Amino acid sequence: MEQSAELIRMENISKAFSGVTVLENVTLSLKKGTVHALVGENGAGKSTLMKILTGMYDDYGGTIYLEGKEVRFKNEKEALQAGISIVAQELTPIPELTIAENIFLGREPGKILSGLIDKKKLFARTSELMSKLGLAFDPRTKMKALSVAETQMIEIIKAISRDSKLIIMDEPTSALTDAETAYLFRQIESLKASGIAIVFISHKFDEIFRICDEVTVLRDGKFIATKPIGELTEEEIVAMMVGRQIADVYPPLSPPSGDRVFEVKGLSRRGVLSDISFHVGRGEIVGIAGMMGAGRTEVVRAIFGLDPKDEGEILLDGKPVRIRNPREAIEHGIVMVTEDRKNLGIVPIRSILDNIALPNMDFYARWGVIRKDKLTKDAADICRSLAVKAHSLDMPVEQLSGGNQQKVVLAKWLLRDIKLLILDEPTRGIDIGAKHEIYKLMRDLAQSGIPILMISSELPEVIGMAHRILVMAEGRIQAELARGEATQEKIMESIVGAKAEETKTITGGAGA
């Protein structure tokens with residue numbers, strides 16, 4: 001297959017919903033054997049453009065060319081048959097089916113005479129596909145047994161099995177470790193070498209510069225530019241995305257007061273956490289850094305009452321409190337913004353007002369009667385202060401951008417008297433402009449005296465937004481670093497050192 005020849009050209013693509021224009025004369029050119037980054041803030045039109053390309057929307061203006069021939073896909077099946085596949089950010093495997101059954105769902109090889117599925121051929125084809133990518137899964141394994149990273153690789157295999165000419169990857173590394181990301185990138189390089197075109201949608205600039213050949217920037221539904229990655233800097237891409245320069249991504253932090261509002265002593269859970277002790281002061285942001293599986297999320301789940309603990313105590317203003325479930329945590333003023341925003345943080349189909357009301361009905365309902373006027377006023381005030389971009393409080397949360405969804409999650413807690421605000425991956429899946437707004441909100445909340453405990457997989461974010469950093473590995477706190485001394489190198493040294501010590505213990509010494 002000829003490398004760098006144009007595979008897809010989308011010309012003057014326009015799309016509107018209910019009279020509101022979301023794409024206006026957008027042009028995109030995708031070449032064979034290249035990785036093309038598609039970037040823009042949430043709401044810039046990236047997803048809509050890809051839904052048009054994959055046949056999910058066929059009522060649009062403009063023209064699409066596939067290898068020089070005009071096409072208009074009426075549905076996703078037609079796009080798949082033409083060789084266009086997507087690995088979506090929200091993976092939707094069928095857990096009870098095997099890997100092979102998921103890959104060939106609807107395309108199972110059959111026995112000619114009986115009409116039944118030829119399982120032997122099904123598993124053989126799956127094994128052959130996986131061997132091409134250097135994977136050693138048993139094709140009979142059920143999908144529910146796989147990790148997120150492994151599930152993502154199966155989705156890529158599914159795309160390859162369809163003889164795809166173009167694979168769209170939407171935030172493919174959002175739930176992957178560094179090692180898993182490195183493996184994925186090796187597979188992408190292999191796909192490039194075979195002439196397959198890749199659209200890479202991501203908010204992670206380091207990955208865009210590592211793997212992509214070209215970048216197309218969208219802003220407010222309009223085409224801004226397409227350029228080779230070698231001709232751009234991160235600052236230039238950000239400026240094109242948001243229409244302005246963001247000089248300081250991380251706002252300056254005021255020093256905390258020093259008063260200990262929240263404290264954990266000796267928190268342990270067998271096989272998961274061991275002797276976790278730390279405190280958070282009034283107006284202080286404490287970050288927790290570490291690799292996936294280090295125990296970061298497990299710590300905050302235990303604090304919030306989502307998971308049980310075997311030992312340890314929690315203190316607020318120096319006094320022990322008993323927390324057995326999230327309701328008791330909320331009653332004590334401990335609130336949490338979870339890393340899984342869509343499944344645990346919001347009810348997508350319900351309105352902004354409903355989402356804000358759900359955990360606060362103890363404030364707004366008496367004798368079964370909701371004080372709707374008071375609730376609406378308070379919700380409007382808090383959304384205004386957080387600059388939530390929405391037509392009205394009746395707008396379904398699923399129609400908001402990721403950054404505005406995160407603001408709604410924050411809004412529902414800010415109606416309460418907060419003793420501790422837990423933020424688990426607060427900017428996951430959020431663009432650079434929305435990240436900057438979330439950082440300013442965190443800064444303002446801390447300045448108002450709210451203690452914040454933040455988990456983030458992005459080391460620059462932890463370093464830029466925390467007064468102190470707790471480094472976790474192997475279910476323990478391995479180090480505590482002050483703001484001025486924290487670097488990515490020191491954090492990684494603490495993590496690697498902990499893992500080396502754990503290996504030495506397991507093997508019985510350094511010489512084992």
Side-chain angles (χ1 to χ4, degrees), residues 1-89 159-160 162-171 191-192 194-202 208 212-229 231-232 237 240-241 243 399 401 431:
M1 185 178 291
E2 184 186 352
Q3 303 293 94
S4 298
E6 189 173 66
L7 174 69
I8 296 280
R9 184 168 185 82
M10 305 179 77
E11 280 190 356
N12 301 319
I13 302 298
S14 298
K15 173 68 178 171
F17 294 101
S18 302
V20 178
T21 300
V22 294
L23 287 175
E24 185 177 350
N25 296 324
V26 172
T27 294
L28 177 67
S29 173
L30 305 174
K31 299 182 179 70
K32 299 175 183 178
T34 62
V35 181
H36 197 112
L38 182 60
V39 301
E41 293 188 273
N42 290 111
K46 305 186 299 294
S47 294
T48 303
L49 188 66
M50 291 300 98
K51 286 177 179 178
I52 289 171
L53 182 55
T54 54
M56 293 180 67
Y57 299 143
D58 68 342
D59 54 336
Y60 60 89
T63 309
I64 298 176
Y65 298 94
L66 173 61
E67 295 183 301
K69 296 180 180 179
E70 184 176 339
V71 294
R72 180 174 284 261
F73 304 124
K74 296 178 181 178
N75 50 54
E76 294 171 80
K77 184 178 181 180
E78 286 191 3
L80 285 170
Q81 290 172 340
I84 298 173
S85 299
I86 184 166
V87 179
Q89 184 177 4
I160 294 171
R162 295 186 172 115
D163 295 325
S164 297
K165 299 174 181 177
L166 169 69
I167 300 177
I168 300 162
M169 298 186 181
D170 190 358
E171 297 286 352
L191 295 173
K192 278 179 57 177
S194 67
I196 294 174
I198 309 286
V199 172
F200 191 82
I201 301 174
S202 178
I208 289 171
C212 296
D213 302 296
E214 291 184 301
V215 181
T216 290
V217 182
L218 301 184
R219 184 174 73 238
D220 298 329
K222 297 177 181 177
F223 171 82
I224 301 302
T226 293
K227 291 188 177 182
I229 191 69
E231 295 180 6
L232 292 167
I237 295 176
M240 287 191 287
M241 285 172 57
Q399 294 182 11
S401 68
D431 63 72

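Below, each value reflects all heavy atoms present in this structure, side chains not excepted, and no hydrogens, waters or symmetry copies. Since we're looking at a predicted model, the values are computed, not measured.
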A.B. asks: Begin from the C-alpha positions of Val215 and Met240 and carry the test side-chain contact (heavy atoms from CB on, under 4.5 Å) through to its verdict.
C.D. replies: CA-CA 11 Å; Val215 181; Met240 287 191 287; over 6 Å; no

A.B. asks: Rounded at 0.5 Å granularity, tell me how far OG in Ser164 sits from CG in Leu191.
C.D. replies: 9.5 Å

A.B. asks: Is there side-chain contact between Phe73 and Thr54, with at least one heavy-atom pair below 4.5 Å?
C.D. replies: no

A.B. asks: Between atom CD of Glu214 and atom NZ of Lys227, what is the distance when rounded to the nearest 0.5 Å?
C.D. replies: 12.5 Å

A.B. asks: Among Val26, Leu23, Leu53, find the residue that satisfies the side-chain contact (heavy atoms from CB on, under 4.5 Å) test when tested with Thr48.
C.D. replies: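 It is Leu23, the one option of Val26, Leu23, Leu53 that forms the side-chain contact (heavy atoms from CB on, under 4.5 Å) with Thr48.
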
A.B. asks: Just how far is it from atom NZ of Lys15 to atom CD1 of Ile52, taken to the nearest 0.5 Å?
C.D. replies: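 If we round to the nearest 0.5 Å, Lys15:NZ and Ile52:CD1 are 6.5 Å apart.
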
A.B. asks: Under the rule for side chain to side chain contact (heavy atoms under 4.5 Å, CB included), what residues qualify as partners of Lys222, not counting sequence neighbours?
C.D. replies: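 Checked Lys222 against side chain to side chain contact (heavy atoms under 4.5 Å, CB included); matches are Glu24.
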
A.B. asks: Does the side chain of Glu70 come under 3.5 Å of the side chain of Thr63 through a donor N or O and an acceptor N or O?
C.D. replies: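 Absent: no donor and acceptor within the cut-off.
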
A.B. asks: What closest approach, in Å, do Lys192 and Val35 show between heavy atoms, and which atom pair accounts for it?
C.D. replies: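 Looks like CD-CG2, 3.2 Å.
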
A.B. asks: After noting the C-alpha distance and the side-chain angles of Val199 and Ile86, does the key distance pass the side-chain contact (heavy atoms from CB on, under 4.5 Å) rule?
C.D. replies: CA-CA 9 Å; Val199 172; Ile86 184 166; over 6 Å; no

A.B. asks: Do the side chains of Ile201 and Met50 get nearer than 4.5 Å, heavy atoms only?
C.D. replies: yes

A.B. asks: Provide the closest heavy-atom pair for Ala79 versus Gly55 in the form atom of the first, atom of the second, distance.
C.D. replies: CB-N, 4.2 Å

A.B. asks: Does the side chain of Thr27 reach to within under 4.5 Å of the side chain of Thr216, using non-hydrogen atoms?
C.D. replies: no

A.B. asks: Quick one: does Ser85's side chain get under 4.5 Å of Leu80's, heavy atoms only?
C.D. replies: yes

A.B. asks: Any side-chain heavy-atom pair from Leu218 and Ile224 closer than 4.5 angstrom?
C.D. replies: no

A.B. asks: Taking side chain to side chain contact (heavy atoms under 4.5 Å, CB included) as the test, write out the residues that go with Ser14, two or more places apart.
C.D. replies: Asn25

A.B. asks: Distance from Ile64 atom CD1 to Asn12 atom CG, nearest 0.5 Å?
C.D. replies: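 The distance works out to 12.0 Å.
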
A.B. asks: Taking the side chain as C-beta and beyond, is there a heavy-atom pair between Glu67 and Leu7 under 4.5 Å?
C.D. replies: yes

A.B. asks: Please report the closest heavy-atom contact between Arg9 and Ser29, naming both atoms and the distance.
C.D. replies: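 Heavy-atom minimum between the residues: NH1-CB, 3.6 Å.
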
A.B. asks: Other residues, nucleotides and ligands only: do more than 12 of their heavy atoms fall within 6.0 Å of CG on Asp213?
C.D. replies: yes

A.B. asks: Please lay out, stage by stage, how Leu166 and Ile196 fare under the test side-chain contact (heavy atoms from CB on, under 4.5 Å).
C.D. replies: CA-CA 6 Å; Leu166 169 69; Ile196 294 174; over 6 Å; no

A.B. asks: Report yes if some heavy atom in the side chain of Ile168 is under 4.5 Å from a heavy atom in the side chain of Leu38; otherwise report no.
C.D. replies: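 No. Closest side-chain heavy atoms not under 4.5 Å.
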
A.B. asks: How long is the span from the CG atom in Leu30 to the NZ atom in Lys32, to the nearest 0.5 Å?
C.D. replies: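 Interatomic distance, Leu30 CG to Lys32 NZ, rounded to 0.5 Å: 12.5 Å.
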
A.B. asks: Carefully, step by step, assess Thr226 and His36 under the rule side-chain contact (heavy atoms from CB on, under 4.5 Å).
C.D. replies: CA-CA 10 Å; Thr226 293; His36 197 112; 3.9 Å; yes

A.B. asks: Identify the two heavy atoms, one from Glu78 and one from Arg72, that lie closest to each other, and give their separation to 0.1 Å.
C.D. replies: OE1-O, 3.9 Å

A.B. asks: Considering only heavy atoms from C-beta outward, does the side chain of Ile8 approach that of Leu28 to under 4.5 Å?
C.D. replies: no

